[in-house]
Trainee: 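My structure is below; once you've seen it, I'll send some questions.
Atom set for the values below is all heavy atoms of this structure, side chains included, hydrogens, waters and symmetry mates excluded. Residue numbers start from 1 in every chain, and the chains themselves are labelled A, B, ... in the order their sequence lines are given, proteins ahead of strands.
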There are 2 protein chains.
Amino acid sequence: MSMPSAVRHINEVRVLDVVFRQGKVSRANIARELGLTRSTASSIVASLTEEGLLVEDNSEDDKSAGTGRPGTFVRLNSNYGVFIGADIGVGRLTVVALDMEARVVAQSQSNFDLADADPESIIQQLVRTVKSLIKSLSQKHTVRGLCLTAPGVIDRTGTILRAPILGWRQEPILDKLEKVLPEDLLLAAENDANAFAMAEMYRSKDESTDTEIYIFLDAGVGGAIVNSGQLLHGQDGYAGELGHIILGDEGFVELATISGSFESFIGREAVLARYRFHGGSASNIDEFASAARRQERAALSTLTDWSFYLGRGVATLTSIFNPARIVLGGPVAMLYDLCRDQVMANVRQNLLDEHPIPEIRLSKLGPEGPAIGGASMLHKRMLSVNEELIYRRNRTSSGR
Amino acid sequence: MSMPSAVRHINEVRVLDVVFRQGKVSRANIARELGLTRSTASSIVASLTEEGLLVEDNSEDDKSAGTGRPGTFVRLNSNYGVFIGADIGVGRLTVVALDMEARVVAQSQSNFDLADADPESIIQQLVRTVKSLIKSLSQKHTVRGLCLTAPGVIDRTGTILRAPILGWRQEPILDKLEKVLPEDLLLAAENDANAFAMAEMYRSKDESTDTEIYIFLDAGVGGAIVNSGQLLHGQDGYAGELGHIILGDEGFVELATISGSFESFIGREAVLARYRFHGGSASNIDEFASAARRQERAALSTLTDWSFYLGRGVATLTSIFNPARIVLGGPVAMLYDLCRDQVMANVRQNLLDEHPIPEIRLSKLGPEGPAIGGASMLHKRMLSVNEELIYRRNRTSSGR
DNA sequence: TCCGTTTGTTTGGATTGAAAACAAACATAT
DNA sequence: ATATGTTTGTTTTCAATCCAAACAAACGGA
């Protein structure tokens, strides 16, 4: 197969993309938008409607008056099915369901014992949770895909190479999941930080952005890099370990991490250790933030030091990537609100004059971010050309 | 347009790609390789032959005996034309011509006065050089494209945003070049480090490599990042300033760069300054290298320090990108040969155990690297799908 | 010399999108 | 109320492409 279906596939995907981005659109507008004739657009809309992906929508609101015959509008059929995102977090399982229009239609959390987290029982719990989540939906929905996310390095086959927090190594999680789910179900697996980044990015639909960086500050510091809408995975899936960037000789705290690394300066333990160094005392970040808000001296000094190294790290990443935006997330990120100006000043100090400075902002997503992101990745795939259908080359190729 | 020509275009490009990679191949093998029928493959080969891109090659050597009727082989027509790469370097203009099989068929260097390098006169000199280079070719060749490279930040429109070495700012170099060249000529412009990386990468034809990093060590330190065969440019074209990564508080030399930056530790001036610090004396890198080779104490100490920070930088980049390979180039890179083990030990020290370590190797390309890379980019484009032909959407789109 | 194998070409069929013509639905002017 | 102009969606016709199958050609080996 290559010719008839290939172009058809491309055009169907493009039509879906236009409908998704515009929400409600007439056949004529689809044709105009994509440079097709109206007849072709109609034909594709008919196919997609028959398949159940599109529905007519002639609600009478905002008919956007104009001369000529009004169009008949179509939109995505949000009842076509759902995409499931399932995040294995630190002792917590988060499952969300996204409908065809990428809206969260259901969500569920449950806990598990981190000390006793063998993959098989987690998978069992996960499948149970997904099933009950589906049942809880108001309408009957077909599951169109499921994406697993976890705090660890995941290769392209869906094997978790290592997840220290869960105590897993070389765990073919996707294979195991495949065996207990319907055969034809679309499955994927992704690192949680990468998924978080996708969740942040997917809503904005900002096509002018080429490069974005996401930094997650918790006990450790993780990250994700998006280039032209694609996540950077690196050779084996290890890319994005932004917390391991080395910024100095010795960090504020020496844990099971690399000496002088980004996270040893700006992670949670680093903040609390530095606070103690300056004579303060806090058992968690919220306490520390309160102290800083009431202008406590030790807390402010700590913030100054934190800003210094956050600025250094951001500047380093800016030199490497020239990103349009750096998004901070995770429980420690909110400290940025307390010292924006200091951070920006430090960023500037560590860059040459005239180097473009990225926008820095805080993520608005909560702990369900990775699960939403995983589901978003499947949704995005629905709107993307499946290259295998087009570039499929024979496996049995003889090398002349 | 979309359907007839789109698939045809894709398949033509794929055929060209197969022919390029295999050198000499029969229609039947093309069909097998691409999952097409022999009739389709024949049809496409006929089109491309008529256009002059392919020629039959029934030279009698290695007919690779086997049962059945032998095939009729085709190869790229190396006389179809040439791609020109023109590098504006530090006081030196390098022009190369690549034939259709990506071999360098001509090359030329000329100098210019760096202090008096206004764009107009450089362009004049460049056009003159290109024309005489074309004339010098044994056969008559059509120029199929020209890529300019320069040591500076170049945006996607072909404007040099800044090139401190040349003293240029906001220079629409491609527009100016366009005016003095035939209208239909394919033009491009690229940063010299990026082009160098393309030159290194393009020959290997290694499809299993996802991520590679190139570091160029000269007075300053530049770099380029390749992901899935694509260069990372960042939002405005500034990406890849690897020399500005911050690795410590204070470098070995404080120049017009960022304090504690990668290049302030491992660039040429940093090496020489550190050598003086240890009591040695050398006016250039070759002298220093000689001293190191004869095991001079101060030189060895300097190398130890250099290894320390090169290892730190490589480790940082490895944490971020998880590259398969890091290639070192430029006049200072050869120091790596004198302290490979030290560098690798330092890399390992700055990564968590079990993190995959990239291969580190020296580039074999000389000063004509950027020019070759620029021309290679055009060649690569010939073998790539032109997305505009497929995804072309109407400019006059009305937003509903 | 015959047979099996592989190659390249030819022919017929199916799918697709473009172009053009047409009918339908609406706003506005008369 | 009627006519006119505009835009939409559909229908029809046509050209381009690839695939499948049949066929002729070229070679090695029995």
Trainee: Look at the side chain of A:Ile44 and decide which nucleotide, out of C:dT6, C:dG17, D:dC18, has an atom nearest to it.
Mentor: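 Minimum distance to the A:Ile44 side chain belongs to C:dG17.
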
Trainee: Starting at CZ of B:Arg8 and ending at C1' of D:dC18, how long is that distance when rounded to a whole Å?
Mentor: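 My rounded result for the distance is 9 Å.
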
Trainee: OP1 or OP2 of D:dC19 less than 4.0 angstrom from a side-chain nitrogen or oxygen of B:Thr40, does that happen here?
Mentor: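 For D:dC19, OP1/OP2 do have a side-chain N/O of B:Thr40 under 4.0 Å.
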
Trainee: For the pair made of CG in A:Leu36 and C1' in C:dA19, what is the distance, rounded to whole Å?
Mentor: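 Roughly 14 Å, once rounded to whole Å.
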
Trainee: Given C:dG8, is OP1 or OP2 found less than 4.0 Å from the side-chain N or O atoms of B:Ser42?
Mentor: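 For C:dG8, OP1/OP2 do not have a side-chain N/O of B:Ser42 under 4.0 Å.
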
Trainee: State whether the side chain of A:His233 and the backbone N or O of A:Asp155 hold a donor-acceptor pair below 3.5 Å, judged by distance alone.
Mentor: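 No, A:His233 side chain to A:Asp155 backbone: no donor-acceptor pair under 3.5 Å.
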
Trainee: Do the two ring centres, one from A:Tyr80 and one from A:His141, sit under 6.0 Å apart?
Mentor: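 No - the distance between ring centres of A:Tyr80 and A:His141 does not fall below the 6.0 Å cut-off.
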
Trainee: Round to the nearest Å and state the distance from B:Ile10 atom CD1 to D:dC18 atom C1'.
Mentor: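 It is 13 Å, rounded to the nearest whole Å.
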
Trainee: Report yes if some heavy atom in the side chain of A:Leu98 is under 4.5 Å from a heavy atom in the side chain of A:Arg103; otherwise report no.
Mentor: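 No, every pair of side-chain atoms sits at 4.5 Å or beyond.
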
Trainee: Hey, is the side chain of A:Arg27 pairing donor to acceptor with the base of D:dG9 inside 3.5 Å?
Mentor: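 Looking at the base of D:dG9, it does not pair with any donor or acceptor on the side chain of A:Arg27 (distance under 3.5 Å).
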
Trainee: With a 4.0 Å cutoff (strictly under), does any side-chain N or O of A:Thr37 reach OP1 or OP2 of C:dG17?
Mentor: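 No, no such contact exists.
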
Trainee: Let me know the distance between CD1 of A:Ile30 and C1' of D:dT8, rounded to the nearest Å.
Mentor: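 About 13 Å, once rounded to whole Å.
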
Trainee: To the nearest Å, give me how far apart CD (B:Glu12) and C1' (D:dT17) are.
Mentor: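 So the CD-C1' distance, B:Glu12 to D:dT17, works out to 11 Å.
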
Trainee: Figure out the CG/P separation between B:Asn29 and C:dT7, and round it to whole Å.
Mentor: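 To the nearest whole Å, that distance equals 7 Å.
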
Trainee: Quick one: which of D:dC19, C:dT7, D:dG9 gets closest to the side chain of A:Arg38?
Mentor: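 So the side chain of A:Arg38 is nearest to D:dG9.
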
Trainee: Tell me: CZ of A:Phe73 to P of D:dT8, nearest whole Å?
Mentor: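 So the CZ-P distance, A:Phe73 to D:dT8, works out to 9 Å.
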
Trainee: Is it the case that the base of D:dT8 and the side chain of A:Arg69 share a donor-acceptor contact (distance under 3.5 Å, atom types as modelled)?
Mentor: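 Check passes, donor-acceptor contact within cut-off.
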
Trainee: Closest approach of B:Arg381 and B:Leu187, non-hydrogen atoms and distance?
Mentor: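 Residues B:Arg381 and B:Leu187, closest heavy atoms: NH1-O, 4.4 Å.
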
Trainee: Please determine if a side-chain N or O atom of A:Asn11 lies less than 4.0 Å away from the OP1 or OP2 oxygen of C:dG17.
Mentor: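 So the side chain of A:Asn11 is within the cut-off, an N or O lying under 4.0 Å from OP1 or OP2 of C:dG17.
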
Trainee: Examine D:dT8: is either OP1 or OP2 under 4.0 Å from a nitrogen or oxygen in the side chain of A:Arg32? Give yes or no.
Mentor: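 Indeed, a polar side-chain atom of A:Arg32 lies that close.
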
Trainee: Which listed nucleotide (C:dG4, C:dT10, C:dG8) is nearest to the side chain of B:Ser39?
Mentor: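 The listed nucleotide nearest to B:Ser39's side chain is C:dT10.
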
Trainee: Tell me if a side-chain donor or acceptor on A:Arg156 pairs with a main-chain N or O of A:Gln235 at a distance below 3.5 Å.
Mentor: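 A pair under 3.5 Å: yes.
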
Trainee: Rounded to the Å, how far apart are A:Leu48 CG and C:dT16 P?
Mentor: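 Those two atoms, CG and P, are 12 Å apart.
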
